[in-house]
Amino acid sequence: MGKDKIRIDLVYKLLKQVPKGRVTTYKALARAAGHPAAARAVGGIMRRNPYAPAVPCHRVVYSDGRLGGFGGSRGVEAKAELLEKEGVKVKDGRLVDFANRYFDAFSVHIAEKSRLP
DNA sequence: TTAATGACAATCG
DNA sequence: CCGATTGCCATTA
């Protein structure tokens with residue numbers, strides 16, 4: 001049968017569903033994609049992200065409320081800058097109102113309908 | 001094919 | 001609260 005591997009294109013689609021000013025987590029994306037334990041793999045997917053900046057990978061943070069990574073150690077700064085620009089306040093590498101900014105209402109059904117180029 | 005790596009997460013001390 | 005450890009999954013060499 002088909003492999004149980006996570007769907008990269010699906011992950012990107014789900015991430016595109018995250019509205020501006022909101023954030024999600026690697027874990028939430030992995031879970032929405034049908035692989036709840038593949039949070040780390042999602043991180044790897046973001047790292048390679050060939051669809052940037054079309055895909056808002058800067059809206060993906062740690063489940064802990066911390067920013068996480070973004071390219072190099074210098075990239076985290078840019079990530080915080082982008083989030084602040086969208087209205088998401090960041091303090092000391094950590095989201096201030098993480099619980100309220102957290103987005104988890106993914107529509108996998110809709111995401112599966114269209115495919116990424 | 002096996003070993004090593006990394007933009008994660010949960011647990012432990 | 002913070003640092004260290006272990007587990008997980010997919011990619012890369």
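In what follows, every chain begins at residue 1, and chains take the letters A, B, ... in the order their sequences are listed.
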Look for any protein N or O under 3.5 Å of an N or O in nucleotides 10-13 of chain C and output each such pair with its distance, or none.
{"residue": "C:dA10", "atom": "OP1", "partner": "A:I6", "partner atom": "N", "Å": "3.3"}
{"residue": "C:dT11", "atom": "OP2", "partner": "A:K5", "partner atom": "NZ", "Å": "3.4"}

Check: residues 79-87 of chain A side-chain donor-acceptor pairs under 3.5 Å, at least two apart:
{"residue": "A:K79", "atom": "NZ", "partner": "A:V60", "partner atom": "O", "Å": "2.5"}
{"residue": "A:K79", "atom": "NZ", "partner": "A:L67", "partner atom": "O", "Å": "2.9"}
{"residue": "A:K79", "atom": "NZ", "partner": "A:G69", "partner atom": "O", "Å": "3.1"}
{"residue": "A:E84", "atom": "OE2", "partner": "A:V90", "partner atom": "N", "Å": "3.0"}
{"residue": "A:E86", "atom": "OE1", "partner": "A:G21", "partner atom": "N", "Å": "3.4"}
{"residue": "A:E86", "atom": "OE1", "partner": "A:R59", "partner atom": "NE", "Å": "2.9"}
{"residue": "A:E86", "atom": "OE2", "partner": "A:H58", "partner atom": "NE2", "Å": "2.9"}
{"residue": "A:E86", "atom": "OE2", "partner": "A:R59", "partner atom": "NE", "Å": "3.3"}
{"residue": "A:E86", "atom": "OE2", "partner": "A:R59", "partner atom": "NH2", "Å": "2.9"}

* Do A:F98 and A:V61 come within less than 4.5 Å of each other through their side chains, counting heavy atoms only? -> yes

* Asked: Can you tell if the side chain of A:V11 reaches within under 4.5 Å of the side chain of A:I6, non-hydrogen atoms only?
  -> yes

* Structure fact -> Residue pairs meeting side-chain hydrogen bond (donor to acceptor under 3.5 Å, both in side chains), one or both in residues 20-42 of chain A, sequence neighbours left out, come to none

Between [X] ([atom1]) and [N] ([atom2]), how many Å, whole number?
X: A:R66; N: C:dC1; atom1: CZ; atom2: C1'; value: 12 Å
X: A:K79; N: B:dC8; atom1: NZ; atom2: C1'; value: 11 Å
X: A:L67; N: B:dA9; atom1: CG; atom2: P; value: 12 Å
X: A:D64; N: C:dC2; atom1: CG; atom2: C1'; value: 11 Å
X: A:E77; N: B:dA7; atom1: CD; atom2: P; value: 17 Å
X: A:R40; N: B:dA4; atom1: CZ; atom2: C1'; value: 11 Å
X: A:Y62; N: C:dG3; atom1: OH; atom2: P; value: 14 Å
X: A:L29; N: C:dC9; atom1: CG; atom2: C1'; value: 15 Å

* Asked: Out of C:dC8, B:dA10, B:dA7, which nucleotide sits closest to the side chain of A:F70?
  -> B:dA7

* Exam field: side chain A:Y12 to backbone A:I45, donor-acceptor pair closer than 3.5 Å -> yes

* Checking side-chain contact (heavy atoms from CB on, under 4.5 Å) for the pair A:V108/A:L14: CA distance, chi angles, key distance, verdict? -> CA-CA 7 Å; A:V108 182; A:L14 293 168; 4.1 Å; yes

* Asked: Which part of the nucleic acid, if any, lies within contact of A:Y26, taking any heavy atom under 4.0 Å across all strands shown: a base, the sugar-phosphate backbone alone, or nothing?
  -> base

* **Presence of A:S63 side-chain N/O under 4.0 Å of B:dA9 phosphate oxygens OP1/OP2** => yes

* Asked: How far apart are the C-alpha atoms of A:V18 and A:F106, what are their side-chain angles, what is the distance that settles it, and do they pass the side-chain contact (heavy atoms from CB on, under 4.5 Å) test?
  -> CA-CA 8 Å; A:V18 180; A:F106 291 107; 3.8 Å; yes

